[in-house]
Asker: 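This is the structure I want to talk about, given as structure tokens.
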Amino acid sequence: MNSISRRKFLKITGFTVGAATASTALGPIVKGAKKLEEKSIKGIKKIPTYCDICFWKCGAIAYVKDGILWKIEGNPDDPLSRGRLCPRGTGGIGAHFDPDRLRAPLIRTRKRGEEVWREVTWDEALDFIANKMKKIKEIYGPESVASFSHGIGGNFIKHMLKAYGAVNFAAPSFAQCRGPRDVGFELTFGENVGSPERTDIENTKCLVLIGSHLGENMHNSQVQEFAHAIENDATIIVVDPRFSIAASKAKYYLPIKPGTDIALLLAWMNVIVSEKLYDENYVRKYGFGFEQFSVEISQYTPEWAYPETGIKPDLIRITAREMAKNKPATIIHPGRHATWYGDDTQRSRAIALLNALLGSWGRKGGFFFPVSYSLPPYPYPPYPTPTKEKLDNPNNKYPFASEEITNGIREATITGKPYPIKGWFVYATNLIHALPNEEETIKAIQNLDLLVVIDVIPSEIAGWADVVLPETVYLERYDELHTSAFKEPFVGIRQPVVDPPADQKPNWWIAKKLAEKLGLGQYFPWNHIEEYLDYRLKAAGLSLEELKQKGIIKGQKQPIYIEEGIEPEFATPSGKIEFYSTQLLQAGFDPVPRYKRPQEPPAGYYRLLFGRAPVHSFSRTQSNPILMDMMDENEVWINYDIAQKWGIKTGQYIRLKNQDGIVSNKIKVKATERIRPDCVYLVHGFGHNSKMLKRAYQKGASDSQLITKYEIDPIMGGTGMNVNFVTFELEV
Ligand SMILES: Nc1nc2c(c(=O)[nH]1)N[C@H]1C(S)=C(S)[C@@H](COP(=O)(O)OP(=O)(O)OC[C@H]3O[C@@H](n4cnc5c(=O)[nH]c(N)nc54)[C@H](O)[C@@H]3O)O[C@H]1N2
Ligand SMILES: Nc1nc2c(c(=O)[nH]1)N[C@H]1C(S)=C(S)[C@@H](COP(=O)(O)OP(=O)(O)OC[C@H]3O[C@@H](n4cnc5c(=O)[nH]c(N)nc54)[C@H](O)[C@@H]3O)O[C@H]1N2
Ligand code: SF4
Ligand SMILES: [Mo]
């Protein structure tokens, strides 16, 4: 790693953070900013809370100046933020000031999707919903109301729905995100990598990133630890068809042909096994089926992998030896957004196995054993016993799905089988952008008697709702306590920093009021969420007052590595790390991962790839005035030679057309040598088509709109989305 690129990396990070901080001065002058209704509003108040611009939940301290939200910084006591927020977190205060926010409950007055609304009172909106829910329960049973949500804010809504009798709950964070990765690791180690991931990047000596584009993927602690690893001269190996920010920090960059990672992983394992570079003691002590595994793996030489991946045999050998040299402090990062090609559980399993060979699971600089603060639950009455089973995975079609499958609920809503779904509660997930194939989502919606969307802005999914409920943003509300498992146990609190600007209400209030209207008030015996939080904290010997002051309370440090005395346990059928998986074999799958060649793009078409930008989260931040100021549209990366062939230049606007004839909004071109010629790349979340998102409307193109095709992972039901091809329309 040379020092020039290191300085550049730190400068990039510094630049974006600096830009966000400078922009926060905008806060007080944004029109409509409302003052805190408090007696003593003069001066500066510091209020700890935790961030919600993504699901990393960084501990933060918000500053309120003369009653107006001023800025937000990391809480130095928080093990996740360590006193620093990512650019999105810093710009998060823009969520409070967003002029496009939903302000009052809305009831649709015309056909679904026409986006004509009537502003109503909360009472009217909740009565409307309660009446519809009672009817659905009467005719179809309560199981016919399903819920989609993302994030901790959905907890009280889910509690209300469980009290009503609902059983179908899903989040896009499984079948559209980390599901295959979690299942791949569960099948191998009996446990998954969790969120935040249990990767000890801080202490690693060799970090292998397969697509995980840390630095653009801004999960805070990981990016901080990544910078630390670079400072420590850890070897960075990046495998990506696109020269990402992470690739620019790498000692070895492998511009792999998209969709061929399993071939590379098999070849790496082949080198490590055939050259006996693995951790023999570890594999002997903890491994199961290593003999069968090594026989299977012996066929996958680097020479075999070369024509598949485009990565030269020498480079495969050198990088495999580099990983082995640093074992067990080597991490082959499991990634997070793993739903790529439909064979993703097997790719993730191959990643798990490579880590297992190097003995990094449970080791310092590898994967630690996370610890968490245990808080007793609130003593609610038991939920009613359902009479129907969940329907997202009928007859266990996807035998290793360990969480509910969003697209399974969507499919059942379309087919009405195994039983009809007539109501959707959608909390904080923009299903139009988050699920592949928009047409199917809309088809499902047309079968509903009730679609409730709880959001903070008029998102695309809100546009289809019968009732839209405006929530307060995270800076204006309490939420569930934060007790993520990580390197040390801690409890974090989210609490209101400022008042909401209009008639928005927090999720706990919405859930409680609706439960009361449904005759389920006994499930919300507390009057205010403070009582609930106080109960749980007291039961653990903690105080709400103290937590409100500090934001974070830490527990006793505990051992987290095998080196510190932990004797690992593996919740697999063999009780060991499964190099050979008999449970996969019994279910009709390959016990050791195998490679399947991906489909080639048709002539004149390029594989559509997508990812993150440092200053945006999914489709949720494009209207945030601070974050949109830093990036208000996405670009399509096209290989320089391909662009030349088409006569396309950087800065020019074009449209993308996919294999099914779907044409995108216009999008700016970035012609670059930093991407392979067989694919194009854009940042996910742009290309909003909701007219009510005034400044984000039709800015950039939406990858989701172009993802009409998806490959379902037969092991766990996730939707591989990197399987679409696009061509260019030059007339805009
Ligand atoms: N700023 C920001 N950070 C975020 C988020 C956000 O919205 N904004 N979201 C968070 C969430 S929930 C997630 S899941 C993560 C997602 O982030 P990651 O898990 O890190 O990334 P992916 O989306 O899997 O992968 C995108 C990268 O994979 C590369 N890629 C595409 N196809 C292939 C392939 O076939 N092989 C290989 N080797 N590489 C390929 C792309 O070029 C791109 O660089 O980011 C998290 N962090
Ligand atoms: N095409 C494509 N699809 C993807 C991905 C991709 O990269 N490309 N990424 C996948 C991944 S990794 C993930 S994790 C998922 C993410 O999927 P989602 O979590 O659904 O992400 P968003 O599209 O940002 O939708 C979030 C919605 O919540 C709303 N919201 C924000 N804050 C609040 C709040 O405080 N309260 C309420 N009630 N609502 C709020 C936002 O306005 C927005 O409408 O998407 C997956 N789907
Ligand atoms: S990673 Fe960034 S956006 Fe996500 S919670 Fe932390 S500060 Fe907020
Ligand atoms: Mo994700």
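These numbers come from the heavy atoms of this one structure, side chains and all, not from hydrogens, waters or symmetry mates. Each ligand, and each atom within it, is numbered from 1 in the order the structure gives. Keep in mind that what you see is a predicted model, and the values were worked out from it rather than measured.
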Asker: Regarding Asn724 and Gln659, is there a side-chain donor-to-acceptor distance under 3.5 Å anywhere?
Answerer: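 There is such a pair (donor and acceptor under 3.5 Å, judged by atom type) between the side chains of Asn724 and Gln659.
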Asker: Taking the basic N atoms (NZ, or NE/NH1/NH2) and the acidic carboxylate oxygens, is any pair closer than 4.0 Å for Asp200 and Lys487?
Answerer: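 Lys487 and Asp200: salt-bridged.
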Asker: Could you tell me, atom by atom, which parts of ligand 3 come under 4.0 Å of a heavy atom of Met218?
Answerer: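 Close to Met218: 1 (S).
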Asker: List the closest protein heavy-atom neighbour of atom 23 (O) of ligand 2: residue, atom name, distance to the nearest 0.1 Å.
Answerer: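 Its nearest protein heavy-atom neighbour is Ser619 OG, 2.6 Å.
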Asker: Under a 4.0 angstrom heavy-atom cut-off, which atoms of ligand 3 come close to Lys57?
Answerer: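 Those of ligand 3 that fall under 4.0 Å from Lys57 are 5 (S).
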Asker: So, 4.0 Å and heavy atoms of Pro172: is ligand 2 close enough to count as a contact?
Answerer: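 Within the 4.0 Å threshold, so yes.
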Asker: Do the side-chain N and O atoms of Asp392 and Asn168 include a donor-acceptor pair separated by under 3.5 angstrom?
Answerer: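 No, because no side-chain N or O of Asp392 sits under 3.5 Å from a partner of the opposite role on Asn168.
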Asker: Is the closest side-chain donor-acceptor distance between His219 and Ser221 under 3.5 Å?
Answerer: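 Distance-only check fails for His219 and Ser221.
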Asker: Quick check on contacts: which atoms of ligand 2 are under 4.0 angstrom from a heavy atom of Met721?
Answerer: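 It comes down to these atoms of ligand 2: 3 (N), 4 (C), 47 (N).
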Asker: Among all the protein's non-hydrogen atoms, which is closest to atom 37 (C) of ligand 2, and how far away is it?
Answerer: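 Going atom by atom, the protein heavy atom closest to atom 37 (C) of ligand 2 ends up being Glu471 OE1, 3.3 Å.
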Asker: Does this structure show an ion pair linking Asp466 with Arg108, if we count only N-O contacts that are shorter than 4.0 Å?
Answerer: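 Salt bridge between Asp466 and Arg108, a charged N being under 4.0 Å from a carboxylate O: yes.
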Asker: Which protein non-hydrogen atom lies closest to atom 2 (Fe) of ligand 3, naming both residue and atom, and how far is it?
Answerer: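 Looking only at protein heavy atoms, the one closest to atom 2 (Fe) of ligand 3 is Cys86 SG, 2.4 Å.
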Asker: Can you pull out the closest protein heavy atom to atom 6 (Fe) of ligand 3? Residue, atom name and distance to 0.1 Å, please.
Answerer: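 For atom 6 (Fe) of ligand 3, the nearest protein heavy atom comes out as Cys58 SG, 2.3 Å.
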Asker: Any atoms of ligand 2 less than 4.0 Å from a non-hydrogen atom of Asp52? List them with their elements.
Answerer: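 Checking each atom against Asp52, I get 35 (O).
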Asker: For atom 13 (C) of ligand 2, grab the closest protein heavy atom and report residue, atom and distance to one decimal in Å.
Answerer: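 Sorting protein heavy atoms by distance from atom 13 (C) of ligand 2 puts Phe618 CE2, 3.7 Å first.
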Asker: How does Thr339 reach ligand 2, by side chain, by backbone, by both or by neither, if only non-hydrogen atoms under 4.0 Å count?
Answerer: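 Near ligand 2, Thr339 shows nothing, with every heavy atom at 4.0 Å or more.
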Asker: Regarding ligand 2, does Cys177 bring an N or O atom to under 3.5 Å of one of the ligand's N or O atoms?
Answerer: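 No, there is no polar N/O contact under 3.5 Å.
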Asker: Name the one of Trp508, Phe169, Phe524 that satisfies ring pair (Phe, Tyr, Trp, His ring centres under 6.0 Å) with His159?
Answerer: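 With His159 as partner, Trp508, Phe169, Phe524 yield a single ring pair (Phe, Tyr, Trp, His ring centres under 6.0 Å), made by Phe524.
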Asker: If the cut-off is 4.0 Å to any non-hydrogen atom of Ile707, which atoms of ligand 2 fall inside it?
Answerer: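 Per the distance check, 1 (N).
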Asker: Check the side chains of Glu438 and His433 for a donor-acceptor pair under 3.5 angstrom, ignoring hydrogens and angles.
Answerer: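 Result is no, nothing qualifies.
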Asker: Nearest heavy atom to atom 31 (C) of ligand 2: which of Arg620, His616, Arg336 does it belong to?
Answerer: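 Comparing heavy atoms across Arg620, His616, Arg336, the nearest one to atom 31 (C) of ligand 2 lies in Arg620.
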Asker: Ignoring hydrogens, what is the shortest heavy-atom contact between Trp122 and Asp503? Give both atom names and the distance.
Answerer: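 Minimum heavy-atom separation between Trp122 and Asp503: NE1-O, 2.7 Å.
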Asker: Below the 3.5 angstrom mark, is there an N/O of Ile454, backbone or side chain, next to an N/O of ligand 2?
Answerer: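 Yes: some nitrogen or oxygen of Ile454 is under 3.5 Å from one in ligand 2.
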Asker: In terms of atom number and element, which parts of ligand 3 are under 4.0 angstrom from non-hydrogen atoms of Asn220?
Answerer: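 Answer for ligand 3: 1 (S), 6 (Fe).
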Asker: Any side-chain donor paired with an acceptor under 3.5 Å for Thr719 and Gln176?
Answerer: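 Yes, because at least one side-chain N or O of Thr719 sits under 3.5 Å from a partner of the opposite role on Gln176.
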Asker: Check whether any N, O or S atom of Cys51 sits under 2.8 Å from atom 4 (Fe) of ligand 3.
Answerer: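 Under 2.8 Å: Cys51 has no N, O or S contact with atom 4 (Fe) of ligand 3.
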Asker: Under 6.0 Å between ring centres: does that hold for His688 and Tyr697?
Answerer: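 No; Tyr697 has its ring centre 6.0 Å or more from that of His688.
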Asker: Between His150 and Phe55, how do the two ring planes meet: parallel, tilted or perpendicular, split at 30° and 60°?
Answerer: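 The rings of His150 and Phe55 sit tilted, inter-plane angle from 30° to 60°.
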Asker: Under a plain distance cut-off of 3.5 Å, with no hydrogens placed, do Ser623 and Asp98 share a side-chain donor-acceptor pair?
Answerer: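 A donor-acceptor contact under 3.5 Å links the two side chains.
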Asker: How far is atom 8 (N) of ligand 2 from its nearest protein heavy atom, and which residue and atom is that?
Answerer: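 Minimum-distance protein heavy atom for atom 8 (N) of ligand 2 reads Asp703 OD2, 2.8 Å.
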Asker: Measuring from non-hydrogen atoms of Glu460 to any atom of ligand 2, is the shortest distance under 4.0 Å?
Answerer: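 Not so, Glu460 does not reach ligand 2.
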Asker: Between Arg410 and Thr441, do the side chains contain an N or O donor and an N or O acceptor separated by less than 3.5 Å?
Answerer: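 Short answer, yes.
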Asker: I'd like the name of whichever of His684, Gln176, His150 reaches closest to atom 6 (C) of ligand 2 through any heavy atom.
Answerer: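 Residue with the shortest heavy-atom distance to the ligand atom: His684.
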Asker: Counting from 1, what ligand 2 atoms have a heavy atom of Ile457 closer than 4.0 Å?
Answerer: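 Taking each heavy atom of Ile457 in turn, ligand 2 has 42 (O) under 4.0 Å.
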Asker: Identify, for atom 20 (O) of ligand 2, the protein heavy atom at the shortest distance, and state residue, atom and that distance.
Answerer: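 Nearest neighbour among protein heavy atoms for atom 20 (O) of ligand 2, to 0.1 Å: Thr429 OG1, 2.6 Å.
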Asker: Closer than 4.0 Å to some heavy atom of Ser704 - which atoms of ligand 2 meet that?
Answerer: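 What qualifies from ligand 2 is 1 (N), 2 (C).
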Asker: Is there an N/O/S atom in His219 that lies less than 2.8 Å from atom 6 (Fe) of ligand 3?
Answerer: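 It does not: His219 brings no N, O or S atom closer than 2.8 Å to atom 6 (Fe) of ligand 3.
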Asker: Using a strict cut-off of 4.0 Å, indicate which atoms of ligand 2 neighbour a heavy atom of Ser459.
Answerer: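 Here the atoms of ligand 2 in question are 44 (O).
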Asker: Will you find, in the side chains of Asn220 and Gln224, an N or O donor that is under 3.5 Å from an N or O acceptor?
Answerer: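 Yes, because at least one side-chain N or O of Asn220 sits under 3.5 Å from a partner of the opposite role on Gln224.
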Asker: Among all protein heavy atoms, pick out the one at the shortest distance from atom 34 (C) of ligand 2; state its residue, atom name and that distance to 0.1 Å.
Answerer: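 Nearest protein contact, heavy atoms only, for atom 34 (C) of ligand 2 is Val456 CG1, 3.5 Å.
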Asker: If only side-chain N and O atoms count, and only distance matters, is there a donor-acceptor pair under 3.5 Å linking Thr708 with Asn658?
Answerer: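 Judged by distance alone, the side chains do pair up.
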Asker: Give the residue and atom name of whichever protein heavy atom lies nearest to atom 25 (O) of ligand 2, and the separation in Å to one decimal.
Answerer: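 The closest one turns out to be Asn430 N, 3.0 Å.
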Asker: Can you name the atoms of ligand 2, numbered from 1 with element, that are less than 4.0 Å from a heavy atom of Arg477?
Answerer: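 Here the atoms of ligand 2 in question are 34 (C), 35 (O), 36 (N).
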Asker: Can you tell me if Asn430 and Ser619 form a side-chain donor-acceptor pair at under 3.5 Å?
Answerer: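 Yes.
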Asker: Just go through Gln504, Arg612, Glu438 and tell me whose heavy atom is the nearest to atom 7 (O) of ligand 2.
Answerer: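 Selected option, by shortest heavy-atom distance: Arg612.
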Asker: Taking the basic N atoms (NZ, or NE/NH1/NH2) and the acidic carboxylate oxygens, is any pair closer than 4.0 Å for Lys505 and Glu471?
Answerer: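 So Lys505 does not pair with Glu471 through a salt bridge.
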Asker: Which ligand 2 atoms are under 4.0 Å away from a heavy-atom of Phe610?
Answerer: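 Counting atoms of ligand 2 from 1, those under 4.0 Å from Phe610 are 6 (C), 7 (O), 8 (N).
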Asker: Give me the nearest non-hydrogen protein atom to atom 44 (O) of ligand 2 as residue plus atom name, then the distance to 0.1 Å.
Answerer: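 The protein heavy atom lying closest is Asp455 OD2, 2.7 Å.
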Asker: With the threshold set at 4.0 Å, does a side-chain nitrogen-carboxylate oxygen contact exist between Arg101 and Glu476?
Answerer: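 A salt bridge is present here (some side-chain N lies under 4.0 Å from a carboxylate O).
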Asker: How about Arg494 and Thr49: does a side-chain donor come under 3.5 Å of a side-chain acceptor?
Answerer: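 There is no such pair between these side chains.
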Asker: Between Ala434 and ligand 2, which residue portion shows a heavy-atom distance shorter than 4.0 Å: side chain, backbone, both, or neither?
Answerer: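 Looking at Ala434 and ligand 2, atoms from backbone and side chain both fall under 4.0 Å.
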Asker: Among all protein non-hydrogen atoms, which one is nearest to atom 4 (Fe) of ligand 3, and what is the separation to 0.1 Å?
Answerer: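 Looking at atom 4 (Fe) of ligand 3, the protein heavy atom closest to it is Cys54 SG, 2.3 Å.
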